[in-house]
Structures are given as C-alpha cells and as structure tokens.
Amino acid sequence: MREKILLIDGHSILNRAFYGLPDLTNSEGLHTNAIYGFLNILFKMMEEEKPDYLTVAFDLSAPTFRHKMYDAYKGTRRPMPQELRQQVPVMKDVLGAMGVPILSMEGYEADDLLGTIAKRSEAKGMDVTVLSGDRDLLQLATDHICIRIPKTKGGKTTIEDYFAKDVQEAYQLSPLQIIELKALMGDTADNIPGLPGVGEKTATKLLLEYGSVENAHAHAEEIKPNKAKNAFLEHYDLAVLSKDLATIRIDSPVEYDWETARIHDLYTQEAYEFFKELEFKNFLSRFEETGNTSKAEEHFATITDFAKAEELFALAQKKERVGLELLEEKGMILGLGLAYEEEGDLQVYGMLPQGFVTEAYLLDKAKMLCQQGNAVASLNVKAMLRHMDLDHHTAMFDAQIAAYLLNPLKSEYAYDDIAREYLGEMLPAKEDLLGKLSYSKAAAEKEEELAKSVCYMAYTALKARQPLLEALEAAGMKKLYTDMEMPLLFTLSDMEKEGIRVNAEELKEYGEKLQVRIAELEKSIWQQAGEEFNINSPKQLGVILFEKLQMPGGKKTKTGYSTAADVLEKLAADYAIVSDILEYRQLTKLKSTYADGLAGYIDEGGRIHSTFNQTITATGRISSTEPNLQNIPVRTELGRLLRKVFIPQDGYVFLDADYSQIELRVLAHMSGDEKLIQAYREAQDIHRMTASQVFHIPFEEVTPLQRRNAKAVNFGIVYGISSFGLSQDLSITRKEAEQYIKNYFETYPKIKGFLDNLVQQAKDEGYVSTMFGRRRPVPELKSSNFMQRSFGERVAMNSPIQGTAADIIKIAMIQVSRRLKEENLKSRLILQIHDELLIETAEDEVEQVSAILEQEMKGAAELSVSLEIDMHTGKSWYEAK
DNA sequence: GAACTCACG
DNA sequence: ACGTACGTGAGTTCC
C-alpha cells in the first residue's frame, strides 16, 4: 500500500479560519479563533485521510522576492490584523507540541516548499494531499497529488478535491495550464497583475485555442476580442511577469526528512497543556486515552442506599464547610451533590431521587445543612431557595455570582469554566457528560452521568470558594459581593416567590379585542397589496413594499430590505398601507408577546412569577425572564392599557416609585461638574435647564423643540455620545449634532474631562468601575476594528453611569425589603424595573410604606445632588404609574 | 439557530 | 474611511 503525506499551507488555512469564525478569546484575552479553526480542519483531515506523514509550511514574515517585485506595481498589502498576527506563533508552538514539523525558508514562499515536497514525495511513491485555501496550488495536481480546498458555504465547510482530472473538469485546463490562466487573468488576492481587461472567460478561451501564454503571443495578431489583442501587444511583459509570479517552484533547495514528519501521537502531554491554556474544551476529550483528564473523579461516589445517605448527611453536618448543589428543573428536584473534606481528603457524593431517597428527603437534608450554620457553597443559591425558605442572614456562598462580578461579560457561569479559571482544572463540561440532553431527560436516560454532574458542581462550588473570594478581595469587590449581591439574592428570591397578580379574564378580553382589529388590518393590508402574504415576514413584506409597490428607500440589511419601524414611519405619510402595517405590527406584538405570552405564566393562584437574573448584564443591572416583566408596554396608550390587568391582591394597593433621572444625577455626581450640580439644585426641569444653558437663552424662553434637543443630548451623553448617534436620533446633520455636543461640553466642562478619563482608564486598566467598585471590562478597546473600538469607548463612558444607578437601586431594594420585614409589614416588594420599584402594599400600610420608599430610595447613596423619586398608588399597575 | 423586529429602562 | 447611540428578552420567520 502507498504511504500518504499531508501537506498544509499554514497561513492560508489560518487566514481562512480567522475570517470564517467568530472572534474567540481565552480568559486571558488571547484570540484563538484561527487556531481553533485550523485544528478543527486538521483533525478532520487526519480522520479522513489517515496520513502517515504530516508537515505544515509557513511563509517567513520577511517579504519574499516575488512579492517585492509585485509591490513595485501596486503599493503594499493590507497588513495582517493584530488579532490574527498574535495567533501565528502560538499556532506554530501548538504544532510543535503535537510533534508536527514546520517548514519555512528564507526567500521561498510556503507554496514553493509545498510544491517541492509534494513532488519529491510523489517521486518516492507516496500519495500526496495538499491542503490550502489558495487555488494557485491546483497547478501541482497529478494522479497522486490531490489539492484539497476548504470552502465555507452557508456556515458549513465542505472540501473540494482536485486531482489532475478534476482540474481538467473544472477549468477545461491541465494543472500546468493553471499557471497560464493566472498569468493572463491575474489574481488580486495573490498580487498577480495579469493582463488588463482579461478575465477568466477570455483567458480560458485563449488557452483552449493556443495552449500557452507564449503561443498566444506568437499569434497575437489573430486574437479575437480586440481588448485582449491590444493587451497582448501592449502589456505582454505583464503576462510574462505574471507567469513567473504564478509559478510555484518545485525545486526549492530545502532539506526535508520524511522520518521527522512521520506522525506518532498528536495528543501529547505538551499539547494537552496548550489546549488547556487556549481553553479548547471540545478538543480535550481527544486526550482521554492518554489519561490526561481530571483526577477529581477519583473522589466521587454515587449514593443510592438510604442508610449510606443518612450517614453522609450526618457527617456533613459536622463540617464547617460543605459544597452543596441542588439540581432542579421546572420545580423538580433531579439530584443533589454534596462535597466536604474528611481528614484532609475531599469526598464528593452524587444522589438522585430514588427509593427511600426521595425528592422531599433530599430537600429536607439540603435545608438542614444550610440552616445548621455550615457555610454552604453552591453554584446557584437562588435556585435552591426556590424550594426552601432561609433567613436572609444565612451564610451562603454563591460561586456564579462571585464569578459574575469578576467578569460580567460571560454568557454563562458553568462549573467547568469556574474550575478552569479559578482552580486551573479541566473538568468535563455538561455536554461531555450528558450530550445535548436536558437535565430532566438525563435523569431518565443517563443516571450515572447525571450523578457525576452534580458531583462536579458541588466539588467546584466548594473548592472554588476560597480562590473566588480572594479574587474578589484583590479586585476590591468583596464588599460588593458580601453586602450587595448576596443580600440582594434573598430579596430577589422573595420577589420571585411573591409574583404579581394578574386578572386572567381581563387579559383574555384584551387579547380578543386586539384580534378583532388585527383581522381588519390584515384584510385591509392584503387588499391594498393586491395579494395575500405573510405580513410577519420581513422578507415577504420587503418584496411587497419595495418591489411590487415600488416604494423608495429599499435595501438596508444584509439579507434584504429593512422594514423596521423607523424606515416605515418615513413612508407612512405617503402610503396608507404602511400605516396599517405599523398598526398591525404594534397590535400583533401586544397580542403574541403580552396577551397570549403572559397568559401562559399565570399560576393556580392567579399570579405570575418571573425569574430575576443576577448574573446576566454587563453593567450590573438585573434582568427578568420567563416572563420578562421589565418590558411591559407603557409608551403607547394602547399598550399601557395592558397594565390594567396587573392588580394587587384584595385589601392591597400598588405603590410604585421610580427615580427621577437617576443616571443623569449619577453623571452630575461622578463628574463633579459644578454647573450641572447647580442646575439640579435649582431646576425642576433639567432638560429645559440644559437647553437654557447650552443655547444661552433664558429658562422661560426655551422652546419645546430646544428642550427636546437638549433631552436627546442628555441621553446621548449617558449612552457614550457620538455625533452620528445624536444626528440619527434628532434627524439632523452630523455637523449640527457635533455643534450641540461641543456646546454641551463647553457648558459643562468637567463632563468632557470625566468621560475622556473613563475611556483612558479603560485603555490603561482594561476595565471601568462604578462608584461601588463594580467592574466592567472593555476588551473592545484593544480591537483593530474601528467600529469595535468606538463601541468600546461608548461602553467605557456608559457603564459606570448605568452601573452606578444599578448599584443604587440594588441598595434601595435590600433596604426596603429589610424594613418591610423588620417592621412586620404585610406589604411586599414584587418588581424592579431598573429605576422603579413596585410594592404590593396593604391598604393600612400605605403611609408607612411610602415613608420607607422615600427614605430608602433617596438615602441609598449620598450624592452631591439629591436623589428624587416619583411615587403613585393605584388599584392596578396602570393607575400606579 | 440566526436574523429581524420591537417591548422596556 | 470605517458605520452606531447604552442595557436587556421574546416572538416570528426562514435557512
């Protein structure tokens, strides 16, 4: 049997991977997407080809002779972006660690080396595969040399294979004629000029007729398209040069020893370390046979026996610290993980409900451990609290919240990530153990693995506790964790349990009323369009409006026409169908998301229980899901009417209090700008005051338009001002927007300095902070992409403001709920909407609760401007707002 | 599952 | 020159 060699064009494949994959980084901020993509395709090739030899060729960074010649023709190449450049040496190191030889040579491109080794290997009787993204290499194809070119089509990578016959088939030319083809048509990507005006079509035609560049030239006078004829006559030198540029050398004087290229084991210990460092979790399972996986499992045991469970819980109770994970999904207890130290040895147990070890039993034991003063470490304390009531002062450690504070940008805080970052251990992820199964499904199908999962969770929570606390301390966020996030966790848990009462019948009627109008609009829209189509499909709608009805302003998104509201609003005045569509959109949104959507969440008690997420946002705000009760309509009257279905229980009213412009007040305080602080001390209407000061007009003479503009500028400042954004918002030119901003900064000079300082700080430290020390990393500032960098600047300006406001209301929430409890009131905090608190208030407690809200919200932070609130009562959320 | 749209602060 | 305002979650369509 013939031996096989795989030759890879290193830069070409890295380049492809870099542009084809989203921007991955490891926790140190090293970009890894190109390396990841390279390895992915390498492993795929290894499985498909099973080669005996493997070598990767790289260009040396110094420009080669051929490129120098070309540069004389057409400037310089675009430099490699820093995000890719930094991956090249790492890639070489990884290959080195896997025992793969790297081939480079001064004065020779990777192409030349690949060509040379391919031919030599063929001569030795081997089958050769060359992997590259570069079609130039097709000239090397023979019966035994196959060029493989990966192509990405619609997110999927397919590989095109070219032996000599495939080249012939695809191009009607022999492999060697590919050189001639390039010489004639050129290749901008590869810096080959070619003949002006000659493209692939003409070039192929000429070659089919004359066979080569030289022969075509010899018959130049008879060449048919005049354009090509003239090109030959006037620019033949270009074709000659191009041919030389396009020719891959197969006689490079490179030393090559096949034995060093022979593949032994790619999955070495050294490679494992690299993969860990790069955080390529998916690849680590490949190392399993080499015995490199975590040793944690040696301490694990699955407990099924009731007596043994009893014994272990009794032991655990005596421990000062335990790791405890109660795995729950949709109200069901699916398992319990328990970890503690026994005579210096870590013991970890997984238990699933079965036999005498019932759900209730596990719950009971978990609760006992929490209550008996063991400092319990868990990944998600609030999930555990769903099934038990604990005093707010119970000592608990929440690993996910700690990890969130340390890096709020992650989308999830899974145990394997926490273990990797804070313990330096690679644990099998949930997916490795359970595949794509949900926990509930795993409970039925993969019991052993599920038990292992809860072990890993309890193990990680317990072991990572100290490192996480130390990291919080080092980052100056220990207080934030202990005095803000952990107390808030209990408050949020209470809010989730309370829920909010909803009048189901009224909600249903609201939906039915909408449906009547929706049906009318649908008919009207179809009638005006002259056909029935799916109005909900932006694609179909775009075709109707911009093609069939020929409306102006088409094209905007990658996939077609934009039919977003701001586009349609511009057309609504001229086209009746468009205003119908806008109304249709509004109503169907209200119907599906709110009328129908919320109905599904009402429990037997007539209440809706949202989940308040504490580890989602980048800035420190909380978020609300299933359902989201932080985006209930209010801006339009029709939407606002929906709030009439949110009602307090009998004998209660709603008390709603929201901060007045908290972010702008935070800005005034943090910047220390005297003029803005003074403005707040004097004026009721800050936007009017801003207008008066920025436009230099008396307060009384500010027009509504001027006030509106000033308000937009105020918002813009908080969002991280840009003239473009402001001009969009106000429908003015960028120049005018620039002038507004300039005026604003002249009026409030310290604000400019404050914002500039935030950006500088983000660049220096890599993060910005709130008044309470909460951090937000801003990695975008390091990007070589202008847009990303600009985004980073706006984030640096906005996050401390939005985040400080979030901190303040968190403090208020903790204090308000504490006082409601301490003063033995029946009233309960039930919702938070970023700057607003909603209290279900007993009718006889309204006065007392109003006073509490007033004191605690205003007193949540000591700023150089006062914190003001607006407060209302009502028999529904509609009335109370 | 990504893209689009739209509800909120 | 580049092409956007900051922070979220959910429903629908379509590949």
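Heavy-atom basis, side chains included; hydrogens, waters and symmetry copies ignored.
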If you only use heavy atoms from C-beta on, which nucleotide in C/dC6, B/dC8, C/dG9 is closest to the side chain of A/Asn798?
C/dC6
Could you tell me whether a side-chain N or O of A/Arg607 sits under 3.5 Å from a main-chain N or O of A/Gly499, the two making a donor and an acceptor?
yes
A/Ser722 side chain N/O closer than 4.0 Å to the phosphate oxygens (OP1, OP2) of C/dA5?
no
Do A/Tyr740 and A/Tyr744 come close enough that some side-chain heavy atom pair is under 4.5 Å?
no
Of A/Ser723 and A/Pro408, the one whose closest DNA chain C nucleotide lies more 5':
A/Ser723
With sugar-phosphate meaning primed atoms plus P, OP1 and OP2, does A/Ala618 contact a base, only sugar-phosphate, or nothing at under 4.0 Å between heavy atoms?
sugar-phosphate
Counting any heavy atom closer than 4.0 Å, what does A/Asn536 reach on the DNA or RNA strands: base, sugar-phosphate only, or nothing?
sugar-phosphate
Using a heavy-atom cut-off of 4.0 Å across all strands, would you classify A/Gln728 as base, sugar-phosphate, or nothing?
nothing
What's the CD-P distance between A/Glu836 and B/dG9, to the nearest Å?
7 Å
Would you confirm whether A/Arg85, through its side chain, and A/Met80, through its main-chain N or O, come within 3.5 Å as a donor-acceptor pair?
yes
Need one value for A/Ala712: base, sugar-phosphate or nothing, where a base atom within 4.0 Å counts as base even if backbone is also close, heavy atoms only.
base
Can you tell me which nucleotide in C/dA10, B/dC8, C/dC2 comes closest to the side chain of A/Val634?
B/dC8
Rounded to whole Å, the CG-P distance (A/Leu587 to C/dG11) equals 18 Å
Looking only at side-chain N and O atoms, does A/Ser537 come under 4.0 Å of OP1 or OP2 in C/dC14?
yes
How many Å lie between CD on A/Glu637 and P on B/dC8, as a whole number?
12 Å
Sugar-phosphate only, base, or nothing, as touched by A/Asn534 at under 4.0 Å among non-hydrogen atoms:
sugar-phosphate
From CG of A/Leu638 across to P of B/dC6 the rounded distance in Å is 15 Å
If you check the A/Arg794 side chain, which of C/dT8, C/dG3, C/dT4 turns out closest?
C/dT4
Selection from B/dA7, B/dG9, C/dT8 that lies nearest to any side-chain heavy atom of A/Gln802:
B/dG9
Tell me which nucleotide among C/dC2, B/dC6, C/dA10 gets nearest to the side chain of A/Phe786.
C/dC2
Nearest to the side chain of A/Tyr719 - C/dA5, B/dT5, C/dG7?
C/dA5
Where the side chain of A/Phe791 is defined as all heavy atoms beyond and including C-beta, which of C/dC6, B/dG9, C/dT8 is the nearest nucleotide?
C/dC6
Counting any heavy atom closer than 4.0 Å, what does A/Glu626 reach on the DNA or RNA strands: base, sugar-phosphate only, or nothing?
sugar-phosphate
Just to be sure I understand the rule, does A/Arg585 reach a base, reach only the sugar-phosphate, or reach nothing, if contact means heavy atoms closer than 4.0 Å?
sugar-phosphate
Would you check if there is a donor-acceptor pair between the side chains of A/Ser524 and A/Gln528 at a distance under 3.5 Å?
yes
Between C/dA5, B/dC4, C/dG9, spot the one nearest the side chain of A/Thr559, thanks.
B/dC4
Please state how far atom CZ in A/Arg734 lies from atom P in C/dC2, giving the value in whole angstrom units.
10 Å
A/Val795 or A/Lys539, whichever maps to the more 5' nucleotide of DNA chain C:
A/Val795
Is there a donor-acceptor contact under 3.5 Å linking the side chains of A/Ser783 and A/Glu780?
no
Verify stack between A/Phe724 ring and C/dT4 base, 5.5 Å, 30 degrees:
yes
By the Watson-Crick or G-U definition, both distances under 3.5 Å, C/dC6 is matched with B/dG9
What's the gap between C/dA1 and B/dC6 when it is taken at their C1' atoms, as a whole Å value?
32 Å
Does A/Gln540 reach a base, just sugar-phosphate, or nothing at all? Heavy atoms under 4.0 Å.
sugar-phosphate
For atom C1', what is the distance between B/dA7 and C/dG3, given to the nearest Å?
25 Å
If I take atom CD in residue A/Glu793 and atom P in nucleotide C/dG3, what distance separates them, rounded to the nearest angstrom?
16 Å
With no hydrogens and no angle check, do the side chains of A/Glu547 and A/Tyr561 hold a donor and an acceptor under 3.5 Å apart?
yes
What is the nucleic acid contact for A/Thr563, judged by heavy atoms within less than 4.0 Å: base, sugar-phosphate only, or nothing?
sugar-phosphate
Could you tell me whether A/Ser624 contacts a base, only the sugar-phosphate backbone, or nothing, with contacts defined as non-hydrogen atoms closer than 4.0 Å?
sugar-phosphate
Taking the side chain of A/Ile721 as heavy atoms from C-beta outward, which of C/dA5, B/dC8, C/dG7 is closest to it?
C/dA5
Just the rounded figure in Å: distance from P of B/dC8 to CG of A/Asn613.
20 Å
When all nucleic acid strands are considered with a 4.0 Å heavy-atom cut-off, which category describes A/Arg776: base, sugar-phosphate, or nothing?
sugar-phosphate
Across the strands shown, which category fits A/Ile801 at heavy-atom distances under 4.0 angstrom: base, sugar-phosphate, nothing?
nothing
Please work out if A/Phe715 contacts a base, only the sugar-phosphate, or nothing of the nucleic acid, heavy-atom cut-off 4.0 Å.
nothing
Under 6.0 Å from the CD atom of A/Glu637, do we count more than 12 heavy atoms belonging to anything else shown?
yes
Which nucleotide, B/dA7, B/dG9, C/dG11, lies nearest any side-chain atom of A/Asn631?
B/dA7
What is the nucleic acid contact for A/Ala565, judged by heavy atoms within less than 4.0 Å: base, sugar-phosphate only, or nothing?
sugar-phosphate
Residues A/Ser623 and A/Asn613: side-chain donor-acceptor under 3.5 angstrom:
yes
From CG of A/Asp658 across to P of B/dC8 the rounded distance in Å is 15 Å
